[in-house]
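The structure displayed is predicted, hence computed values, not measured ones. Order of the sequence lines fixes the chain letters, A, B, ..., with proteins taken first and strands second; residue numbering starts at 1 for each chain.
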Amino acid sequence: MDWDIIQNLSSNLVFGILLFAMTIYWISLSFFKWTKNLSQVGKISAIVANILLFFILGSRWIVAGYFPLSNLYESLLFLTWTLLTIYLYVEFKTKSKLVGAILIPVALLINGFANLTLSVDMQKSSPLVPALQSNWLMLHVSMMMLSYGTLIMGSLLCILFLVISKYQDIDLQILDESSLPLYNIMLDYYEAKLFSPSDEVSELGKLKLLQSLDNWSYRIIGLGFPFLTIGIIAGGVWANEAWGSYWSWDPKETWALITWIVFATYLHSRITKGWEGKKTAILGGLGFFVIWICYLGVNFLGKGLHSYGWLS
Amino acid sequence: MKQSVLRFLADLRFAISILLIIASCSVIGTVIEQDQSIEIYKLNYPLTNRIFGFLSWDIILKFGLDHVYKTWWFLGFIALFGLSLFTCTILQQFPSLKIARRCQFFRTTQQFGLLKLSRNLGNLSLSQLLFRIKKNQYSIFQQKNIVYCYKGLIGRIAPIIVHFSMILILIGAIFGALNGFKAQELIPKTEAFHVQNILSNGQLTRIPKVVSRVNDFWITYTKQATVAQFYSDVSILNTEGNEIVRKTIFVNSPIKYNNIDFYQTDWNVIGLRVQNDTSSILQYPLINLTNAGNKVWVTWIPSDSEFKKGLTILVDNLQGYCSIYDESGIFVGNLELNETFNLNMPITLVDILSSTGLQIKTDPGILLIYTGFLFLMLSTLISYITYSQIWIIQTNRQIFVGGNTTRATFDFEIEFLKLIK
């Protein structure tokens, strides 16, 4: 069998699995009974999708002989893989089904975009153009994708925060006077909601959930930010080695800088007094859109050094 | 007065606003094409039918929106940001570090009320508790019955290094802009050259008088006939014309001599050498007709003395052949090097003359910038580490224990609860 066919088949399989996992997660969120097992199923299928994606990228690496991040299709697959990996890690840490329920749809969309809208020609791996023949490709692109994945995750949690708080100002300080058990906070919220429908507990549970969302988005963005920094710097050093200028205000570069500034602002606003919760979440949520402009939107302009060679 | 100006500059909200302003101004430069000729702006942004009702070419030129990143106001914002960064580091970060380095014991139990996380323990002995804290890699300081523990102090220091690295990068960029230059040369192969076509140079730059020679230029192709790599064989010559250094450069592998870097960036085909029936070799110039960046060159070889008839020749690669078209524009065949083609008269393709496009630059700021890059990468990563503190007071019956952390409040809660369980 041809490698192309195998890769294509597994890529489509990933799409199917992700669709299944998303349905499972949403069902388990809507019905609270026997959800433990159900979300386990979702998690396992996400792991399978993750392994398949790893297989696709690995085999492309071996067959083509270079790091599989040379065109849009491959970078979309890599982003899906990164997102799934991060989500599995975060879910393992927080034990919350919410993370999967919001992240798998995004992964599904990216994967669907890669498989359904890109032409077969654009899915093929083609020889690297001279400018890309460098070891910096691996560091620069993988770091950028890793940061996109992490930052998308973190900013989605910000958006989730805004949705759950219904865009109201939330005083997270109230919690510090309360005496609920602190650990396994996200799960507690649902259990509280399930077993005791009294308003007071579930309100407190909601606050707990919001507080942990707040902190988790902060931590994840805090991790994505250094990745973004390293990715941009690696790109700068590479550009200086390739054509003698570490910064040339190319649209992609500029948008990467804008992304960097937005998240730098987010991280700094956290240490400003009274900027927890809603205000920072708005900044983080804004970051979500900026990342997408940086990653795909800039390519619609069709100029600059970073065009993936599509739409032309 | 002076103090308050500095305080204002160092204020976080001020820095954040400057950053957001820089970000929004940068967006303009990605929407409006930069560094184009006035005609292009006149064409795309006419005075009638203004975009959004106000944007037209005269406004673009007036505010310098055709070169946003070089305008005085954009550079001014960056300078303001650099200033704010510097004052913030000096006025706020250093003092806070001094406080952090001090060993802060809690001496009264009331102080625990200020912490988000505190407990009274009755079931655990102090030594047990300290043993657990030690196992979690905390540094512990004890004075009789009061204890102070911390870990991750480096997570407190790293942000300061982040700021310093950024200041270093800004200084390096300014230094490089003042003392460096950038030039582009298109050099026919086998010719010697010195730096002439300067794109940008700083106020303090002295252009080096270095002479170099392009010994050869060639392109390798993949099986799919796409370009695999461009190569230029470049020599640096001394004043007597003798070779000092020689290297075959290609994209991603420049030659560096005496802080001058030569990069492979472009290429061009300038002419064909053709032998006709009288055995004389004639050279025909090739010109690039498309300005869409397509690499296609064309020339015309007359076949009669009145220049009425002839062949059109197209070259779009350096694989060693050209394509021949007759008067009516019909493709008649490819002609390879040293091959003879005979339609009305025999012609032999002797040579395809090419030139290589080199970018030449010096940047004295690059060392500063790379140092800044290195420290910035490391310190942003280290900044992720959370700085946690735990205070303990042992009274007659009870142990008061409390703690806080800078970043990972969620993880710290879990760690704290495991410690006191």
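Using a cut-off of 4.0 Å between Lys/Arg side-chain N and Asp/Glu carboxylate O, Asp11(B) and Arg13(B) are scored as salt-bridged. A salt bridge between Glu413(B) and Lys418(B) is absent, with no side-chain N of the basic residue lying under 4.0 Å from a carboxylate O of the acidic one.
Among the candidates Phe225(A), Tyr246(A), Trp247(A), Phe227(A), the residue making the largest number of heavy-atom pairs closer than 4.5 Å to chain B is Tyr246(A). Among the candidates Phe416(B), Tyr384(B), Tyr370(B), the residue making the largest number of heavy-atom pairs closer than 4.5 Å to chain A is Tyr384(B). Note: Gly244(A) leads Ser134(A), Ala264(A), Ala131(A), Gly244(A) in heavy-atom pairs under 4.5 Å with chain B.
With hydrogens and angles left out, the side-chain atoms of Trp243(A) and Asn252(B) include no donor and acceptor closer than 3.5 Å. Between the side chains of Gln34(B) and His67(B), no donor-acceptor pair is found at a separation under 3.5 Å.
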Let's go through Thr405(B) and Thr386(B) carefully: what are the C-alpha distance in whole Å and the side-chain angles of both, what is the deciding distance for side-chain hydrogen bond (donor to acceptor under 3.5 Å, both in side chains) to 0.1 Å, and is it a yes or a no? CA-CA 6 Å; Thr405(B) 195; Thr386(B) 185; 2.5 Å; yes
Go through the steps to decide whether Asp363(B) and Lys182(B) satisfy the test salt bridge (charged side-chain N to carboxylate O under 4.0 Å, His left out), and finish with yes or no. CA-CA 9 Å; Asp363(B) 190 348; Lys182(B) 198 179 281 178; over 6 Å; no
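Residue Thr222(B) touches chain A through its side chain alone, counting heavy-atom pairs closer than 4.5 Å. Contacts of Asn240(A) with chain B are made by both backbone and side-chain atoms, with heavy-atom separations under 4.5 Å. When heavy atoms are compared at a cutoff of 4.5 Å, Trp136(A) does not approach chain B at all. Residue Leu378(B) does not touch chain A at all, counting heavy-atom pairs closer than 4.5 Å. Contacts of Ile366(B) with chain A are made by side-chain atoms alone, with heavy-atom separations under 4.5 Å and no backbone atom involved. Looking at Lys223(B), neither its backbone nor its side chain comes within 4.5 Å of chain A, counting heavy atoms on both sides. For Gln229(B), the parts lying near chain A are the backbone and the side chain together; criterion is any non-hydrogen pair under 4.5 Å.
Side-chain atoms of Glu185(B) come within 3.5 Å of backbone atoms of Asn197(B) as a donor-acceptor pair (strictly under, hydrogens ignored).
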